[in-house]
Novice: 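Before anything else, here's the structure in question.
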Amino acid sequence: MAEPKGPPSSSKIEMKKYSFPVKPIQRLCWTEATADHLMTHEEPVVLTDTDLVQSALHWDLSYLEQNMGPAKHTVYVSKSRYFMYYDERKVNDFPSFKEPMKKREWTFSKFVDEYKSHEGRTDEYLYYQDALTDTVGSGIKHDFVHFNWHWVSERKKRYNWGQLTSNLLLISQPGNITPCHYDEQHNFFCQVRGLKRCLLFAPDQYDKLYPYPVAHPCDRQSQVDFDSPDFERFPKFKEIEGYECILSPGDVLYIPMYWWHTIETSPGELSISITFWYRGGPVPSKITYPLSSQQKVAITRNIEKMLHEALQDHNEVGPLLHMICDGRY
Ligand SMILES: CC1(C)c2ccccc2-c2ccc(C[C@@H](CC(=O)O)C(=O)C(=O)O)cc21
Ligand SMILES: [Zn+2]
C-alpha cells in the first residue's frame, strides 16, 4: 500500500503550543501489521484508507441543513473556546459548581443561523455534539448506510470490543478545544471536514493529570488548566508526556478506552467529525498480573464510588483516604 500522504505540519496551522514533550501518533494504512499490533495492545494509531466514513466526506453545513430533518439537536454554548463537559446529574452535590457551558436544543436550521451569527464573535462559541439518530433525512440515512460497516464490524470482532453504543456528530467552530479527559469506551474518531489536533496521554499518566473526584460533575476530566498549569497544586504535571496527531478528512484516530485526550479544532475552518463509541470487551475471566493501568483506573473509580456510597458525603472521601494512607505507604 502506498505510504499515506502526510498530515499538514502543526506549524502551518498555528495550534496551541504546550511545554511538555509529545511524540507523534503513528499514521498507518489500516492494513499494516503495525496498525493491527497497536490496536491489539490498546494503543492509539491514526488509520488511513479505511473508507469508514467515505460517504460523509462531502458533508458541509448547507448539505447537513438540507438533510438533517426537523428534529432538535444538542448544541453547547461556551463563553470561552473551552468546552468542559459536566454531568448535570452530579451538579446538586456541588452547590458552588459553576456550569462551564450551556446546553441548547436547537433545530439544525437554528444551529446554522446561530453558527453564522457567531462567526467572528469572541464572547461566545458553539459546539454541536449530538448522536446521529434515525430522525435524520433520507440523504443522511443514505450516507450513514454507506459507512464502511463491514470494516468496522471486522475490527470490533478482531479486538473483542463490546457493542457500538453511539455515533456522535461533532460540528466545531474553528479554535474550539475539548479539555483533557478520558472516556470509558473505545472510540474510532473519524475526521470528515477540517483539521483537528489531538493530544493523547496514556492511562498511566493518571497521577500527572489530577482527575476530578468521581462524584464531581467533571468526573473523568483533568483539573489541570493546560494553558496555565498550577504547579503548586499539580506538581507532577511537569512530568507529563503525550502523543500528538493532526487529523485530516478521511483519517480515523483510534482513541483507546481510558486514554486521556484533548482535541483542538484548527483555527482555519469549521470541523466535522463522527465518532464510533464501543464498550470495552468482557473482563478476562483470569486476572493476570501485573494489572494494566486501565484496570487500576477502573479499580480506583470503584473504590471512590464505594467510599462515597458508604460516607454519603463526598467531602468525607478525601479525609478518609488520607487517614488510611498518610504516613503508611
Ligand atoms: C467527553 C465528552 C464531553 C462527553 C461526555 C458525555 C457525553 C458525550 C461526550 C462527548 C462527545 C464528544 C466529545 C468531543 C470529542 C473531542 C472533540 O472532538 O472535541 C471527544 O472527546 C470524543 O470524541 O471522545 C466530547 C465529549
Ligand atoms: Zn472524549
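In each ligand, atom 1 is the first atom listed, and ligand 1 is the first ligand listed.
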Novice: Ignoring hydrogens and angles, tell me if any N or O in the side chain of Trp30 forms a donor-acceptor pair with the backbone of Asp49 under 3.5 Å.
Specialist: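 The answer is yes, because a donor-acceptor pair under 3.5 Å joins these two groups.
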Novice: Starting from atom 26 (C) of ligand 1, which protein heavy atom do you reach first, and at what distance in Å?
Specialist: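 Closest protein heavy atom to atom 26 (C) of ligand 1: Gln129 OE1, 4.1 Å.
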Novice: So, does Tyr127 sit close enough to ligand 1 that a heavy atom of it is under 4.0 Å from the ligand?
Specialist: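 Distance cut 4.0 Å: Tyr127 passes for ligand 1.
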Novice: Side chains of Gln191 and Ser271: donor-acceptor distance under 3.5 Å anywhere?
Specialist: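 Yes - a donor-acceptor pair under 3.5 Å links their side chains.
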Novice: In terms of atom number and element, which parts of ligand 1 are under 4.0 angstrom from non-hydrogen atoms of Thr275?
Specialist: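 Here the atoms of ligand 1 in question are 23 (O).
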Novice: If we set the cut-off at 4.0 Å for heavy atoms, which region of Phe189 has an atom near ligand 1: side chain, backbone, both, or neither?
Specialist: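 Only the side chain of Phe189 comes within reach of ligand 1.
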Novice: To check your reading of the model: name the closest protein heavy atom to atom 7 (C) of ligand 1, its residue, and the distance in Å.
Specialist: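 Ranked first by proximity to atom 7 (C) of ligand 1 is Tyr85 CE1, 4.3 Å.
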Novice: Quick test of your reading of the structure: of Asp130, Asn187, Asn176, whose heavy atom lies closest to atom 23 (O) of ligand 1?
Specialist: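 Answer by nearest heavy atom: Asn187.
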Novice: Quick check: of its N, O or S atoms, which one does Asp183 have closest to the Zn ion (ligand 2)?
Specialist: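 In Asp183, the N, O or S atom with the shortest distance to the Zn ion (ligand 2) is OD2.
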Novice: Hey, does the side chain of Glu154 reach the backbone of Lys156 with a donor-acceptor pair shorter than 3.5 angstrom?
Specialist: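 The answer is no, because no donor-acceptor pair under 3.5 Å joins these two groups.
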Novice: Above 12 or not: heavy atoms from other molecules or residues under 6.0 Å from NE2 of His150?
Specialist: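 Counting neighbours around NE2 of His150, 12 or fewer heavy atoms of other residues, nucleotides or ligands fall under 6.0 Å, so no.
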Novice: Between Trp149 and Phe144, is there a donor-acceptor pair closer than 3.5 Å when you use the side chain of the first and the backbone of the second?
Specialist: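 It does hold such a pair.
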Novice: Looking only at heavy atoms, what is the nearest atom pair of Phe111 and Val75, with distance?
Specialist: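 Heavy-atom minimum between the residues: CD1-CG2, 3.8 Å.
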Novice: If you measure every N or O of Ser273 against every N or O of ligand 1, does any of those distances drop under 3.5 Å?
Specialist: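 It does not: no N or O of Ser273 is found under 3.5 Å from an N or O of ligand 1.
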Novice: I'd like to know if Glu264 contacts ligand 1, where contact means a heavy-atom distance under 4.0 Å to any ligand atom.
Specialist: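 No, that is not the case, since the closest heavy atom of the residue is not under 4.0 Å from the ligand.
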Novice: Between His261 and Asp183, do the side chains contain an N or O donor and an N or O acceptor separated by less than 3.5 Å?
Specialist: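 Present: a donor and an acceptor within the cut-off.
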Novice: Between Gln221 (side chain) and Pro179 (backbone), is there a donor-acceptor pair under 3.5 Å?
Specialist: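 Not at all, since once roles are kept as given, no pair shorter than 3.5 Å links the two residues.
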Novice: What residue and atom, counting heavy atoms only, is the protein's closest point to atom 24 (O) of ligand 1, and at what distance?
Specialist: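 Of every protein heavy atom, Asp183 OD2, 2.9 Å lies nearest to atom 24 (O) of ligand 1.
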Novice: Can you list the ligand 1 atoms lying under 4.0 Å from a non-hydrogen atom of His181?
Specialist: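 In order of number, 1 (C), 21 (O).
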Novice: Tell me, which protein residue and heavy-atom name are nearest atom 12 (C) of ligand 1, and how many Å apart are they?
Specialist: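 Looking at atom 12 (C) of ligand 1, the protein heavy atom closest to it is Leu170 CD2, 3.6 Å.
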Novice: Specify the protein heavy atom at minimum distance from atom 11 (C) of ligand 1: its residue, its atom name, and the distance to 0.1 Å.
Specialist: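 Atom 11 (C) of ligand 1 sits closest to the protein heavy atom Leu168 CD1, 3.4 Å.
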Novice: Tell me whether the rings of Trp260 and Tyr182 are parallel (<30°), tilted (30 to 60°) or perpendicular (>60°).
Specialist: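 Rings of Trp260 and Tyr182: perpendicular, over 60°.
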Novice: Can you report which non-hydrogen protein atom sits closest to atom 18 (O) of ligand 1, along with the distance?
Specialist: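 Atom 18 (O) of ligand 1 sits closest to the protein heavy atom Lys196 NZ, 2.8 Å.
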Novice: Are Tyr212 and Phe97 an aromatic pair, judged by ring center distance below 6.0 Å?
Specialist: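 No, they do not, as the ring centres are separated by 6.0 Å or more.
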Novice: To check your reading of the site, what angle at the Zn ion (ligand 2) do NE2 of His261 and NE2 of His181 form, to 10°?
Specialist: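 His261 NE2 and His181 NE2 form an angle of 90° at the Zn ion (ligand 2).
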Novice: Hey, is Trp277 touching ligand 1 through its side chain, its backbone, both or neither, going by heavy atoms under 4.0 Å?
Specialist: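 Contact part for Trp277 vs ligand 1: side chain (C-beta onward).
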